[in-house]
There are 2 protein chains.
Amino acid sequence: MNKQEQFQSELNMLLDKMTLLSQDTFKAELPDYKSSEVHTVEFIGKHADSNVTTIANSLYVTKGAVSKMSKRLINKGLIESYRDKDNQKERYFHLTPKGQEVFDIHERLTKQIMQRDESVFKDNADQIKVVLKFLKTYNIYLDKELSETKNK
Amino acid sequence: MNKQEQFQSELNMLLDKMTLLSQDTFKAELPDYKSSEVHTVEFIGKHADSNVTTIANSLYVTKGAVSKMSKRLINKGLIESYRDKDNQKERYFHLTPKGQEVFDIHERLTKQIMQRDESVFKDNADQIKVVLKFLKTYNIYLDKELSETKNK
DNA sequence: CATTTTTTGTTTCCTTGTCAACAAAAATTA
DNA sequence: TAATTTTTGTTGACAAGGAAACAAAAAATG
């Protein structure tokens with residue numbers, strides 16, 4: 001297995017484990033909400049007044065999915081939707097107080113989960129710098145790839 | 001944003017982009033098969049004679065999902081299932097010649113996609129060593145976390 | 001060896017996402 | 001400005017996975 005294959009492999013394993021570990025925490029503290037719901041609340045909380053298309057593109061799901069999800073979140077009282085006077089086509093969203101609560105709990109849990117792994121980052125601070133540098137380089141490279149693919 | 005947050009963020013972006021880029025390739029060359037189907041074929045190809053539970057645990061899905069998926073793959077003629085004479089409870093799988101074709105195409109595409117990013121790894125060989133070292137350390141750390149969580 | 005417990009796989013119901021067709025609104029074009 | 005094109009969001013049909021109940025087989029227990 002060459003370096004690149006190893007990278008892929010280690011990355012996939014890492015992500016799988018992270019998902020497994022965080023699932024339990026969120027299920028325990030936010031049992032009434034699915035992870036996709038919380039994820040959407042998180043996005044709307046961080047990007048108030050975004051429309052359906054923006055949310056869909058950001059979360060890598062279809063507009064239809066966001067349309068349905070938004071209805072569910074409205075029914076659960078987590079978000080509200082509204083239209084601009086000047087733009088009757090697009091639909092915007094923001095959190096309700098109840099949605100903000102869910103958002104805050106999510107933030108707290110995220111920090112808690114990060115603290116769990118804090119020591120790995122503290123103990124390897126010198127390596128992290130290199131890791132981050134590489135990840136950024138790779139991301140920029142893929143951005144180029146993506147824009148090339150788009151223009152085909 | 002601290003180093004850990006940056007790491008999470010860069011990682012998520014990287015994975016999203018990789019998924020986007022490979023989706024198109026696979027859709028173009030294996031249009032008759034969903035990515036989950038190809039993924040299962042890949043696993044069975046690499047781990048012949050595994051049973052439903054093993055596949056489920058490895059792919060992080062439920063046994064029910066594997067049970068249904070295996071039927072679909074059998075109907076499409078990609079895999080065959082059989083039982084051992086000594087064990088009538090478990091069901092094992094292996095690829096058919098047609099399944100092997102799909103497997104080979106998947107392998108070819110995977111290599112092709114990796115070649116696309118080859119230069120990033122060649123040009124930063126020194127960084128990669130550090131990156132891999134860190135990923136391995138982190139993986140081992142999470143293994144410990146997971147075994148602790150299990151025992152609760 | 002008989003009984004109980006665990007493991008294994010299947011099925012049904014439910015949720016949630018995609019896809020594609022669609023209507024309404026906005027933007028572009030001529 | 002009128003006609004056309006594009007963008008935006010919704011809907012219904014369908015696909016696919018999760019949870020839980022279940023039966024059959026194997027393993028553990030006494």
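The chains referred to below are lettered A, B, ... by the order of the sequence lines, with proteins before strands, and numbering in each begins at 1.
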Show me the protein contacts with nucleotides 16-19 of chain C, counting only N or O atoms at under 3.5 Å.
unit_1 : atom_1 : unit_2  : atom_2 : d
C:dT16 : OP1    : A:Arg72 : NH1    : 3.4
C:dT16 : OP2    : A:Arg72 : NH1    : 3.4
C:dT16 : O5'    : A:Arg72 : NH1    : 3.3
C:dG17 : OP1    : A:Ser36 : OG     : 3.3
C:dG17 : OP2    : A:Arg72 : NH2    : 3.2
C:dT18 : OP2    : A:Thr62 : N      : 3.1
C:dT18 : OP2    : A:Thr62 : OG1    : 2.8
C:dT18 : O4     : A:Lys68 : NZ     : 2.3

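- A donor-acceptor pair shorter than 3.5 Å can be found between the side chains of B:Asp104 and B:Gln100.
- The end-to-end axis angle of the helix from C:dC1-D:dG30 to C:dA30-D:dT1, rounded to 10 degrees and based on five pairs per end, is 30°.
- Cluster membership check: B:Leu11 shares its hydrophobic cluster with B:Leu132, using side-chain heavy-atom separations under 4.5 Å among Ile, Leu, Val, Met, Phe, Trp and Tyr.
- Chain A approaches DNA chain D within less than 4.0 angstrom (heavy atoms of the protein), and the contacting nucleotides run 5' to 3' from D:dT7 to D:dA19.
- Taking the six-membered ring for Trp, A:Phe43 and A:Phe103 have ring centres at least 6.0 Å apart.
- Atom NZ of B:Lys89 sits about 10.0 Å away from atom CG of B:Asn51, to the nearest 0.5 Å.
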Evaluate the criterion side chain to side chain donor-acceptor pair (under 3.5 Å) for residue pair A:Asp117 and B:Gln4; output intermediate values, then yes/no. CA-CA 9 Å; A:Asp117 298 348; B:Gln4 196 175 352; 4.8 Å; no
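- Relative ring orientation between A:Phe7 and A:Tyr138 is described as tilted, the plane-to-plane angle lying within the 30° to 60° band.
- A straight line from NZ of B:Lys71 to P of C:dT10 spans 7 Å, rounded to a whole angstrom.
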A:Phe93 and A:Tyr82: ring pair (Phe, Tyr, Trp, His ring centres under 6.0 Å), yes or no, with the steps? CA-CA 6 Å; A:Phe93 302 95; A:Tyr82 64 94; 8.1 Å; no
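- Distance, A:Gln88 CD to C:dA26 P: 6 Å, rounded to whole Å.
- With DNA chain C read from its 5' end, the first of the two nearest nucleotides for B:Phe93 and A:Lys89 is the one closest to B:Phe93.
- More than 12 heavy atoms of other shown residues, nucleotides or ligands fall within 6.0 angstrom of atom NZ in A:Lys76.
- If you look at A:Tyr141 and A:Phe134, their ring centroids are not closer than 6.0 Å.
- Using a 4.0 Å heavy-atom cutoff across all strands shown, A:Asp84 reaches no nucleic acid atom at all.
- Contact between the side-chain N/O atoms of A:Asn87 and the OP1/OP2 oxygens of C:dA25 is not found at any separation under 4.0 Å.
- Position along DNA chain C of the nearest nucleotide to A:Glu90 versus B:Ser70 favours B:Ser70 as the more 5'-ward residue.
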